Amino acid sequence: MEKLILIDGNNIIYRAFFAMPPLTNASGQQTNAVYGFTTMLLRLIEEHKPSHMMVAFDAGKETFRHADYQDYKGGRQKTPPELSGQFPLLKELLKGLGVSQFEISGYEADDIIGTITRQADEAGRQVMVVSGDKDMLQLASGNTTIAVVRKGVTEIEYFGPEQIKERYDLTPEQIIDLKGLMGDASDNIPGIPGVGEKTALKLLHQFGTVEQVISRTDELKGKMKEKIEEHADSAVLSKKLATIYREVPLELSLDDMKFDGLNQETAGPALAKLEFKSLIERLDLSTHAGADAAEGAAKQAQVNVTVVHAGELAEVKEALDSVQVLHVETHGDNPHHAEVIGLALATEQRQFYIPFEVLKSEEAEPLRAWLADSEIPKRGYDLHRLDLALHWQGIAFAGAAFDVHLAAYLLDPTESNQSLSGLAGKYGLSYLQADEEVFGKGAKYKVPDEAVLSENLARKCLAVSELVPIQEKELEANGMLPLFHELEMPLSRILADMEKQGIAVNVEDLKELGREFESQIEKLVQQIYEIAGTEFNLNSPKQLGEILFVKLQLPVIKKTKTGFSTDAEVLEKLAPYHDIVRLILQYRTIAKLQSTYVEGLLKEISDRTGKVHTYYRQTIAATGRLSSQYPNLQNIPIRLEEGRKLRKVFVPSEPGWSILAADYSQIELRVLAHISDDERLKEAFIHDMDIHTKTAMDVFGVSEDQVDANMRRSAKAVNFGIVYGISDYGLSQNLNITRKEAAAFIDQYFEVFQGVRRYMDEIVKQAKQEGYVKTLLERRRYLPEINASNFNLRSFAERTAMNTPIQGTAADIIKLAMVQMDKALQEKKLKSRMLLQVHDELVFEVPEDELEVMKKLVPEVMSHALKLSVPLKSDVSYGSNWYEAK
DNA sequence: CATAGGAGG
DNA sequence: CCTAGCCTCCTATGA
C-alpha cells in the first residue's frame, strides 16, 4: 500500500528552532532546528513507514499572494540568522537520509503540498500532511490526513474530515472561511477586527461561508452587524489569502518522492557531519558507508596487531599482497627533518607494527621494495609527509592511491582539526585517541611503550580504512572525485618531488648581503637613537610608540588594542612631521630583510644538500591555494629593489644551467571575466589589453591617451578590490580618498561592468542558499556565517563568497598546469626540473640545451591548462638566478 | 602564547 | 553612524 508523507519544511524547522535549546556543533554552527526536525522526521518514519515522502520548502521572497496584498506576512519577524543558517544544513542532511525535497520559485510550501494532495485525491492515493499550521486542515479529505504538530515538535494530532467536524463542526473547505473571518496575526492577514475563533465559528455554523455572512448581515444586529459590514472587503481578501493554491505547475511524479527507508550508505555520514551521534546510535546506523551495522560495531572493537621484531619478518612479507593501508608515525613539524618512529601496515584482518630499526635492516628489503613500488596502491593519512620523512632516511615511497588527509581537506578546507583522530571523531569513530593523549605534547612528547604505540598505530590504520569509503561517497556526491584523483592526489607526489629536489642557494652571496644589511642597520640605529635622544628597542612597537607619541608628541593616527599603532601606513602619514620617521621606515625594511630572509634562510639551508627544501602544504589554504613553510619560498621580496636582490642567491644546482620562471598574467581577473561572463571584461582580455588602463578608460569614460598615471592607479586598486570582494571603506583606505568617493567609484565600475555586478550578487545569493561556494573544478568552501546577524561576520562571509571562486579557480588552474607540466617533462624525457610554485608563477632549473624547448613549452602548458572563454597568458623569462629571471 | 608588523600573491 | 579588503608564513616583543 502506498503511503505518502508531505512535510511543510519551513513550518517544521521554524517550530523546531524555537522549541529546542540552542545546540551547536564543534565548529560553532547552531544545529538545534535541524536536530528537532530530524527527531520528528525519524519518528514519523518509524510510526507510519511511508513508501513515499517529500519535504516542501518556500522559495522566493515574492509569492503571488503579494500581488493581492503587499503586506502579506508583513508583520512577521525576519527569520533569525541563527535559523536561516540551518536551512542549507537541513537540505544537505535530507539528501543524505534519502528523503526527497522540493521548492519552486514564487510559491510557498503549502501551495506545493496543496497541489500534490489535490493530485493524490484525484488518483485516490493516501497522503499525510505534516505541519504546525492549522490552515492545512482545509486540505483534509477522505484520502488526506493532516498531522498537526504541537508543543514544539513533540506532539502530533491527526485530523481527517471527521475530526474536523468533531472539533469545529466545519467541513475542511470552511477552514478557509474561518480564517477569512478571524484573520491570522502571524501572517498579517487582517480578517474582521474583534472576530475571534468563537464568533467566527458561530457565524459559520449559521451562514456557512464568508460570502453568505456578508450578504445576509440583515439577519444580524448591533455592533457585530456594523463591523462585518465595515470590514466585508477585508474578510473576502483574507479568505483569498488563506486559500491554499492547489494548481502549482509541478513536474513531479510519485517516483520522485519514493522513500526506500534511510539511505544506509549516506545517512550515517550525513548525521555524523552534524555531530548527531545519539541519533546514529539510536538508528544503529554505521558511519562506515556500505557496511552493515553489526559489522561496523564489530570492527570498532578489534584491532589485532603484531609487533614485528628483528628476524620476524616472514609473516609480514607473506601478508604484503593483501595490505590495504599503511601509516608511518613521525615526529617533528618539518617533514624534511622528521624522525621516523615506525611503520604500521594493515590487511583487512590484522595489523603489523614494524619499528624503524627493523624497517632499516637488511632483511626488510622486500618491505622497502613494496613501499617503493608505484604499482601497488596505498591508502593512508598524509602520505606526502610520510614520503618526505622516509626519503631522508633513504627509503623510497610510491603508489599513493588515497590520502584521507587530502580528501578531508577537499570535503571541508576550513576544518580546524585535520588530525586523523579529529577526522575519525567527526565520523563517529571514537576509538582513536588524539596524538596528544598518546604521545604528550610539546616538550613532553614521548614515544609510549611498544604495546601502547602499536595499538595506537593499528587503530590509525583501522580509522583510515573506515574513512576511505565514507569519503569516497562524499566526494562522489559532491562531484569532487575528478578533483581528488586527477588533481590533488597526483599533485601531492609532484610537490614531494619538488621539495626533495630543493633549490640551491649561494651561501656566500647571501652572507655578503647580510653584512651589507648589518652595516646599514647599524647606521640607521645610531641616527635614530641620536635624534630620539635615547636608546631603546626599535623592534618593540611599544617602546617605539612611547618615543613617537609621548616624547616627540607626534599625532596619533591609529591605535591598536594594546596601544599606539606604528605600522607602515601610520609612519607614512607621520613622515612629514619628523625626520626620524623616514629612518624608522628604512630600519624596518632592512631589519625585516635581515632577520627573516638572510638569517631565516641561512638557518634553513640543508647541510645534506646545501639547498633549501621548502614544504608545500596542500591542506591549509581555504581557497585551494598551496602554502609554503620551512622556509616560506612564496614570499621572497620582489616589490622593493633592496629586497628583490635576495633573489640573486637562488641559483641553479648544476653548472651551466639556468633558472626559468613563468607567471600567469592577470589570472584572477581573467578567471573573473570567465565566471562572470562580463562582455566588456572578456573583450579586454580577448584583445590582450592592459587591463588597468582599459578599466580606467571605461570607468572614467575617456580614451586611452587620456588615461593618466593616477587614473590607472585608481583603476588598478578597484580591480584588486573587485577580486577581494570590494567595500567602499577598503578602497578608500587604499586610494586615500573618502568613503563616499570610493563608493561612487565602485558604483561607476559596476555600471560599466554589469556582468561583474551580476556575478557578485548571484554568488552571494547562492552562498546564502546553499551554504557554500565552489570553483570551476568543484572545489568547495562552506560559509556558515553567510547568514549571521553580526555585520562583521556576515560581511566577511559575503566577501569570501565573492573572492573564493576567483582565487580558488586560479589555484585550480596552476595546479592543473603543474600536473600537466610534470607529465610533459617525463614524456619528453627532459632533464629540466620544476622547483617552485608561487601562486601564479612556476620556477624551473633548466640545462642549457633545453632552454629553447622550455621557453616555449612552459607558457604553452600553462596557458592551455584549462580552457576558459578568455585566453590565459603566461610570460616566461630566464637567467643565471631567480633575480635575473624577471 | 598572543600581538604587532611585514613579506608575497 | 559604525563595522571594514582576500589568502598565507615568519620574526620579534612581552605578558
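Convention: sequence-line order gives letters A, B, ...; per-chain numbering from 1. Computed over heavy atoms, backbone and side chain alike; hydrogens, waters and symmetry mates excluded. Everything numeric here is computed off the predicted structure, so don't read it as measured data.
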For this session: Counting heavy atoms from C-beta on, name the nucleotide in B:dG5, C:dA12, C:dC7 closest to the side chain of A:Thr566.
Result: B:dG5
Exercise. For C:dC7, does OP1 or OP2 lie under 4.0 Å from any side-chain N or O of A:Thr623?
Worked result: no
Problem set entry | Gap between atoms CG and P, on A:Leu735 and C:dG5 respectively (whole Å) | 15 Å
For this session: Quick one: sort the A:Tyr615 and A:His336 rings into parallel, tilted or perpendicular, breaks at 30° and 60°.
Result: perpendicular
Problem set entry | Spacing of A:Asp333 atom CG relative to C:dC9 atom C1', expressed in whole Å | 13 Å
Exercise. Between A:Asn537 and C:dT13, does any side-chain N or O lie under 4.0 Å from OP1 or OP2?
Worked result: yes
For this session: Give the nucleotide from the list B:dT3, B:dA7, C:dC10 with an atom nearest to the side chain of A:Gln629.
Result: C:dC10
Problem set entry | Donor-acceptor side-chain pairing of A:Asn719 and A:Thr695 below 3.5 angstrom | yes
Problem set entry | Working for side-chain hydrogen bond (donor to acceptor under 3.5 Å, both in side chains), residues A:Thr693 and A:Arg712 | CA-CA 5 Å; A:Thr693 304; A:Arg712 187 176 181 282; 3.3 Å; yes
Exercise. With a non-hydrogen cut-off below 4.0 angstrom, is A:Tyr616 in contact with a base, only sugar-phosphate, or nothing?
Worked result: nothing
Problem set entry | Among A:Ile528, A:Thr534, A:Ile531, side chain to side chain contact (heavy atoms under 4.5 Å, CB included) partner for A:Ile547 | A:Thr534
Exercise. If you check the A:Thr589 side chain, which of C:dA4, B:dA7, B:dG8 turns out closest?
Worked result: B:dA7
For this session: Can you tell me the distance, in whole Å, between the CG atom of A:Asn803 and the P atom of B:dG9?
Result: 16 Å
Exercise. Should the pair A:Asp840-A:Arg670 be classified as a salt bridge under the 4.0 Å nitrogen-to-oxygen rule?
Worked result: no
Problem set entry | Distance flag, aromatic centroids of A:Phe745 and A:Phe700, threshold under 6.0 Å | yes
Exercise. Can you find a donor-acceptor pair, distance only, under 3.5 Å between A:Arg739 side chain and C:dA4 base?
Worked result: yes
Problem set entry | Whole-Å gap separating P (C:dC10) and CD1 (A:Ile636) | 11 Å
Problem set entry | Ring centroids of A:Tyr729 and C:dA4 base under 5.5 Å with planes under 30° | yes
For this session: Indicate, with a heavy-atom threshold strictly under 4.0 Å, whether A:Ile638 touches base, sugar-phosphate, or nothing.
Result: sugar-phosphate
Exercise. Are A:Tyr749 and A:Phe753 close enough that their ring centres sit under 6.0 Å apart?
Worked result: yes
Exercise. Of all the choices, B:dT3, B:dG8, C:dC6, which nucleotide is nearest to the side chain of A:Pro637 once you look at every atom?
Worked result: B:dG8
For this session: Tell me which nucleotide among C:dT8, B:dG5, C:dC6 gets nearest to the side chain of A:Ala621.
Result: C:dT8
Exercise. Under 4.0 Å between a side-chain N or O of A:Gln837 and OP1 or OP2 of B:dG9?
Worked result: no
For this session: Check the distance between C:dC10's C1' and A:Leu593's CG and give it to me in whole angstrom.
Result: 13 Å
For this session: Please check if any side-chain donor atom of A:Ser419 sits under 3.5 Å from a side-chain acceptor atom of A:Asn417, or the reverse.
Result: yes
Exercise. How does DNA chain C look in dot-bracket form if you count Watson-Crick and G-U pairs under 3.5 Å, write [ ] for pairs that cross, and put | where a base pairs with another strand?
Worked result: .....|||||||||.
For this session: Return the 5'-most residue of the pair A:Asn734, A:Thr596 with respect to DNA chain C, ranking by each residue's nearest nucleotide.
Result: A:Asn734
For this session: Look at the side chain of A:Arg625 and decide which nucleotide, out of C:dT11, B:dG8, C:dT8, has an atom nearest to it.
Result: B:dG8
Exercise. For C:dC9, does OP1 or OP2 lie under 4.0 Å from any side-chain N or O of A:Ser627?
Worked result: yes
Exercise. To the nearest angstrom, how far is A:Asp840 atom CG from C:dT8 atom C1'?
Worked result: 14 Å
Exercise. Can you tell me if the side-chain N/O atoms of A:Lys542 get under 4.0 Å from OP1 or OP2 in C:dA15?
Worked result: yes
Exercise. Of the candidate nucleotides B:dG8, B:dA4, C:dC10, which contains the atom at the shortest distance from the side chain of A:Asn632?
Worked result: C:dC10
Exercise. Just how far, in rounded Å, is C1' of B:dG8 from CD1 of A:Ile814?
Worked result: 14 Å
Seminar exercise, completed: From NZ of A:Lys561 across to P of C:dA15 the rounded distance in Å is 16 Å
Exercise. Donor-acceptor pair under 3.5 Å: do we get one between A:Asn539's side chain and the base of C:dA12?
Worked result: no
Exercise. In terms of side-chain heavy atoms of A:Lys592, which of C:dA12, C:dT13, C:dC10 is nearest?
Worked result: C:dC10
Exercise. NA contact type, A:Glu841, heavy-atom cut-off 4.0 Å: base, sugar-phosphate, or nothing?
Worked result: nothing
For this session: Using only side-chain N and O atoms of A:Ser565, determine if any of them is under 4.0 Å from OP1 or OP2 of B:dG5.
Result: yes
Exercise. Is it true that the side chains of A:Glu741 and A:Thr738 contain a donor and an acceptor less than 3.5 Å apart?
Worked result: yes
For this session: Could you work out the separation of B:dA4 and C:dA4 based on their P atoms and round it to a whole Å?
Result: 13 Å
Problem set entry | C:dC7 phosphate, OP1 or OP2, under 4.0 Å from A:Thr804 side-chain N/O | no
For this session: When you get a sec, tell me which of C:dT8, C:dC6, B:dG6 is the closest nucleotide to the side chain of A:Ile620?
Result: C:dT8
Seminar exercise, completed: Of B:dG5, B:dG9, C:dG14, the nucleotide closest to the side chain of A:Ser540 is C:dG14
Problem set entry | Short side-chain N/O contact to B:dG8 OP1/OP2 from A:Arg639, under 4.0 Å | yes
For this session: Carefully, step by step, assess A:Tyr587 and A:Ile521 under the rule side chain to side chain contact (heavy atoms under 4.5 Å, CB included).
Result: CA-CA 6 Å; A:Tyr587 169 83; A:Ile521 288 172; 3.8 Å; yes
